[in-house]
There are 2 protein chains.
Amino acid sequence: MFQVELKASYANRVAVVSQNQILQSLIAENLVSDPKGARGRLLTEAARLFREKGYERTTVRDLAAAVGIQSGSLFHHFRTKEEILKAVMVETIRLNTALMQAALEAADTSRQKLRGLIRAELESINGQTGEAMAVLVFEWRSLSAPSQGEVLELRDIYEKLWLDVLESLKREGALEADPFVVRRMLTGALSWTVTWYKPERGGLTLDGLTDQVMAMMAL
Amino acid sequence: MFQVELKASYANRVAVVSQNQILQSLIAENLVSDPKGARGRLLTEAARLFREKGYERTTVRDLAAAVGIQSGSLFHHFRTKEEILKAVMVETIRLNTALMQAALEAADTSRQKLRGLIRAELESINGQTGEAMAVLVFEWRSLSAPSQGEVLELRDIYEKLWLDVLESLKREGALEADPFVVRRMLTGALSWTVTWYKPERGGLTLDGLTDQVMAMMAL
DNA sequence: GACAATACCAAGCAAGCGCTTGGTTTGTAA
DNA sequence: TTACAAACCAAGCGCTTGCTTGGTATTGTC
């Protein structure tokens with residue numbers, strides 16, 4: 001019992017550490033803003049406000065107040081309000097793509113890979129980047145078509161990770177349904193967790209929730 | 001082969017007829033607006049525009065133009081813009097609750113009932129009421145809290161239909177995962193079909209899609 | 001310390017929004 | 001035909017929004 005708890009605690013710490021390493025290397029490569037810097041803090045607050053009130057109902061005055069500056073000052077950092085929205089989306093895709101790739105590398109079998117992807121996506125959606133992930137889903141229409149195109153390119157890289165794993169499972173006979181359809185079902189199902197999942201509810205951890213998803217698919 | 005096609009065609013016609021009967025009786029009871037009337041036409045166009053551009057980006061001028069009147073005239077029919085949004089939501093829940101109930105009555109086993117609910121919800125989401133159903137999901141935050149409360153009351157009736165069936169399946173041992181979680185996963189998965197499902201894609205009919213969902217759950 | 005770059009302030013602009021108001025037109029019933 | 005209710009028009013109001021502009025303050029570098 002004590003030994004099991006010690007192992008779980010160590011695994012969590014290892015996972016957190018490597019997530020932090022991934023974040024730091026993305027920051028170093030200027031792919032993601034440092035959450036501690038002015039731009040990063042603004043994006044974090046923007047994601048929160050956009051999630052909470054919607055992009056359209058969040059004014060530049062709201063955004064500025066959230067980081068403690070005047071609204072005109074935002075335009076020193078971003079050309080337009082829309083550029084803020086796009087940055088929220090782009091940066092969360094980059095980070096989560098990297099985290100998904102790490103989850104894949106840590107797994108051996110196709111089934112373990114799928115579990116790793118589900119677990120990682122659930123963590124993205126319900127953890128630190130949850131607000132940005134929800135913004136990606138709910139505020140898509142507020143992006144101009146050119147910006148949508150750019151974000152989609154990044155999104156396609158992320159989606160390919162999923163489809164590759166699901167196609168392996170299909171080939172191995174472990175999955176009966178069409179991988180294309182399954183992925184889209186999972187996208188919807190996992191994205192929706194943002195509206196209802198709370199760890200305190202019945203003690204359902206992210207691992208427990210992942211197990212439920214896998215059970216639901218009889219995997 | 002010919003006999004099978006004849007049966008399918010007849011089943012479709014029967015289903016369409018009974019859907020129309022359900023709609024007509026809701027209209028008669030003033031629970032839903034007649035799509036052919038001024039109010040109903042406005043709500044149909046509103047659902048379309050809200051889905052397409054978002055509620056916040058759809059102006060009253062847009063709404064008015066869509067039905068061929070001047071913007072000030074809208075306020076003869078609805079007190080505020082928000083009341084239009086709420087009516088779109090309320091009316092689609094009422095209609096789809098009735099359709100779900102009909103699907104339940106047409107089924108015998110718990111598995112058939114679940115299949116009926118999934119099929120009916122997929123039809124709601126991807127058929128005539130698809131725009132309104134998407135508005136229900138994506139525009140929730142634009143509703144004031146009192147209105148959200150009212151819509152939720154109707155929504156809870158609808159959700160209970162699902163939970164009852166899933167709980168039966170759980171008791172019968174056909175479902176391993178938690179019904180509460182499964183329903184929410186299904187909500188997300190099925191709602192998301194609005195973003196990608198097209199009947200022309202690989203010939204996947206609503207029945208075929210329903211089968212994929214059931215297969216994904218190994219049911 | 002001097003200078004440049006960066007970050008921020010304060011005031012206000014032009015455009016557009018939901019809605020009101022006074023009026024006209026259309027539909028319905030007697 | 002008349003009277004009334006319902007539906008619509010046209011003009012415009014008060015307010016809000018994203019953003020600009022001219023300035024000040026702070027930070028970074030040599």
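So you know, we letter chains A, B, ... as the sequences are listed, proteins then strands, and number each from 1.
Atom CD1 in B:I69 sits roughly 15 Å away from atom P in C:dT26 (whole-Å rounding). Distance, B:R57 CZ to C:dG16 P: 13 Å, rounded to whole Å. Between A:R79 atom CZ and D:dC19 atom P there is a gap of 9 Å when expressed in whole angstrom units. Regarding B:L74, its CG atom lies at a distance of 13 Å from the C1' atom of C:dC17, rounded to whole Å. Nucleotide C:dG16 holds its C1' atom 14 Å from the NZ atom of A:K81, rounded to whole Å. The CG-P distance, from A:L63 to D:dT17, rounds to 12 Å in whole Å. Between the CZ atom of A:F78 and the P atom of D:dT20 there is a distance of 15 Å, rounded to whole Å.
Side-chain proximity of B:Q70 to D:dC9, C:dA10, D:dC8: nearest is D:dC9. Of the listed nucleotides (C:dC8, C:dC9, D:dA7), D:dA7 has the atom at the smallest distance from the side chain of B:H76. Checked against C:dC9, D:dT20, C:dG18, the side chain of A:F75 finds its nearest nucleotide in D:dT20. Closest to the B:V60 side chain, of the nucleotides C:dG18, D:dG18, D:dC9, is C:dG18. In this structure, of D:dC8, D:dT17, C:dC9, it is D:dC8 that holds the atom nearest to the side chain of B:H77.
Taking 4.0 Å as the cut-off between side-chain N and carboxylate O, B:R115 and B:D211 count as a salt-bridged pair.
Annotation: cation-pi pair A:K86/A:F78 absent, no NZ/CZ under 6.0 Å from the ring centroid and within 45° of its normal.
Contact check, A:S73 against C:dA7: no side-chain N or O comes under 4.0 Å of OP1 or OP2.
Between the side chain of B:T193 and the main chain of B:L190, a donor-acceptor pair closer than 3.5 Å is present. With hydrogens and angles ignored, the 3.5 Å screen pairs no side-chain donor or acceptor of B:K113 with any backbone N or O of B:D164.
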Open item on the list: If you apply the rule side chain to side chain contact (heavy atoms under 4.5 Å, CB included), what do you find for A:E123 with A:L99, and how did you get there?
Closed with: CA-CA 10 Å; A:E123 180 149 22; A:L99 294 172; over 6 Å; no
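A:T80 comes within 4.0 angstrom of sugar-phosphate atoms only, judged by non-hydrogen atoms across all strands, and of no base.
Looking at B:R61, its side chain has no donor and acceptor atom pair within 3.5 Å of the base of C:dG16.
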